[in-house]
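Each chain gets a letter, A, B and so on, in the order its sequence line appears, and its residues count up from 1.
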2 protein chains.
Amino acid sequence: MATDTKTALLNSAERAARTRGFDGFSYADLSADVGIRKASIHHHFPTKAALSVALMERYYDDLKAVCDQIDVSHKTGGARLTALIDRYRSALEGGKSLCLCVSFSTSRESLPEEVIAQIGRFREMIIAWTETVFAAGQTDGSIAHVANPAVEAAAALPLLEGAQLAARVEENPALFDSAVQILTQRL
Amino acid sequence: MATDTKTALLNSAERAARTRGFDGFSYADLSADVGIRKASIHHHFPTKAALSVALMERYYDDLKAVCDQIDVSHKTGGARLTALIDRYRSALEGGKSLCLCVSFSTSRESLPEEVIAQIGRFREMIIAWTETVFAAGQTDGSIAHVANPAVEAAAALPLLEGAQLAARVEENPALFDSAVQILTQRL
DNA sequence: GTCTATATGTGGATAGAC
DNA sequence: GTCTATCCACATATAGAC
């Protein structure tokens, strides 16, 4: 069964946004990629703003599921933190891509207010979850010198995002590894 | 004495790039801001790509001078790190602005290769300087638990940049403070 | 060095037939 | 739900007069 057109559009748009930025792709690009005419895309997403909202909504749900899955498959705080770092590392795709949240954060002025609010909720969700990870690592001893899980969590997400941005600018994933070594050396 | 036209254009473009992104301003905006016609801008900067190179070149020199000045006016590693954090904090301008390096990093696909190379050199310069700061803080005891200055420096810049990006998305400078608390609590 | 006028391309979006 | 055809706004850039 082929993916339906709407999902195909979301997939194409997400890949495009993550590699070229929200301003870096047009309905013409999606049209060529998915194989329908520009005008037809407006039937599924009346405006590009509506498309951005749908993308961010799906991304929130995806990452929420990822965090839940990590909790299931990894038991120590250290293992969970490693899984999160790995997730951000692999989203780099060799230095050619960012996670959707960073990509959208960098296109602020082109996005509707609704997406800005979604980004806020997304960040809160990830940081809250990361705090539980550091708290677990503090308790089970799998993350060294955790003084304050809330402070650690507030720093971890910006660090992962800044590391992605740096690695992507120079298309060099080693810059990501170098930036997050401050975390991985404690595991 | 009025600033010459070329400098006025650079100033206007830098402010615009930092608040709205490189794709977020046009020659029409500069024209309105500086008070000359669009076509006249091409006399000073033939292409927008050439303008971006000039902006990044000036920014490199500015930050180099800032680091040198910090070395002169602050003696301990801790005081120097505080000064760097303050610099990135104030570049936020209440959550409405980014430093030029982060802004350009987020507009990668619109920039010429020369600017990408300039960003690489800029980042190397800042990270090398930051390493000397952490090394000083380790020696003079003004920064707590420094195990490896190189690892600290490789993380500090992405953290500052990620913190700026987060604070700017929600136009909330408190998010910057929250993210860098992992550093400031050690001072 | 600055101007008017214009070229040329591309963006998102709409109307209306099928 | 998809199409053709078209609109309108705006972008960067150029030609040539003053």
Side-chain angles (χ1 to χ4, degrees), chain A residues 1-57 100 103-104 106-116, chain B residues 1-56 103-104 106-116:
Chain A
M1 168 193 144
T3 55
D4 62 293
T5 304
K6 194 160 187 166
T7 303
L9 286 168
L10 284 171
N11 292 344
S12 177
E14 181 174 331
R15 184 185 338 274
R18 288 179 43 201
T19 55
R20 306 196 297 276
F22 185 70
D23 298 316
F25 76 94
S26 68
Y27 273 31
D29 297 321
L30 300 184
S31 166
D33 193 28
V34 172
I36 63 173
R37 294 278 149 179
K38 271 201 310 175
S40 309
I41 302 175
H42 288 276
H43 171 77
H44 300 281
F45 302 103
T47 64
K48 206 182 173 187
L51 171 59
S52 70
V53 171
L55 281 174
M56 197 62 211
E57 188 178 328
L100 194 66
S103 171
F104 272 12
T106 69
S107 310
R108 191 189 196 288
E109 71 279 358
S110 308
L111 296 166
E113 277 306 309
E114 170 62 17
V115 168
I116 305 302
Chain B
M1 167 196 145
T3 54
D4 63 292
T5 304
K6 193 160 188 167
T7 303
L9 286 168
L10 284 171
N11 293 343
S12 178
E14 180 173 333
R15 186 186 338 274
R18 287 180 43 202
T19 55
R20 307 195 297 276
F22 186 70
D23 298 316
F25 76 94
S26 67
Y27 274 31
D29 297 322
L30 300 183
S31 166
D33 192 29
V34 171
I36 63 172
R37 293 280 152 177
K38 275 197 305 174
S40 309
I41 303 176
H42 288 276
H43 172 75
H44 301 280
F45 302 103
T47 64
K48 206 182 172 187
L51 172 59
S52 69
V53 171
L55 281 173
M56 197 62 211
S103 171
F104 272 13
T106 69
S107 309
R108 192 188 196 288
E109 71 279 359
S110 308
L111 296 166
E113 276 305 310
E114 170 62 16
V115 169
I116 305 302

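By the salt bridge (Lys or Arg N to Asp or Glu O under 4.0 Å) test, Glu114(A) is found to be paired with Arg121(A), residues two or more places apart in sequence or in another chain being considered.
Both Tyr27(A) and His44(B) sit near DNA chain C, but only His44(B) has its closest nucleotide nearer the 5' end.
Among the nucleotides dA13(D), dA13(C), dG1(D), the one closest to the side chain of Lys38(A) is dA13(C). The nucleotide whose nearest atom lies closest to any side-chain atom of Ala39(A) is, among dT4(D), dT2(D), dG12(C), dT4(D). Closest approach to the Lys48(B) side chain among dA13(D), dT2(C), dA13(C) is made by dA13(D) (side chain taken as heavy atoms from C-beta onward). If you check dG12(C), dA11(D), dT2(C) against the side chain of Ala28(B), the one that comes closest is dA11(D). Of the candidate nucleotides dC3(D), dG12(C), dT2(C), dT2(C) has the atom lying nearest to any side-chain atom of Ser40(B).
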In residues 33-43 of chain B, what donor-acceptor pairs under 3.5 Å come from side-chain atoms, sequence neighbours left out?
unit_1, atom_1, unit_2, atom_2, d
Asp33(B), OD2, Ser12(B), OG, 2.5
His42(B), ND1, Pro46(B), O, 2.8

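Between the P atom of dA11(D) and the NE2 atom of His42(B) lies a distance of 12 Å, rounded to the nearest Å. The separation between Leu9(A) atom CG and dG1(D) atom C1' is 12 Å, rounded to whole Å.
Side chains of Glu109(B) and Asp23(B) form a contact here, defined as non-hydrogen atoms less than 4.5 Å apart.
Using a 4.0 Å heavy-atom criterion, one finds that Phe25(B) contacts the sugar-phosphate atoms exclusively.
With hydrogens and angles ignored, the 3.5 Å screen pairs no side-chain donor or acceptor of Lys48(B) with any backbone N or O of Ser110(B).
The phosphate of dT2(D) (OP1 or OP2) has no side-chain N or O of His43(A) nearer than 4.0 angstrom.
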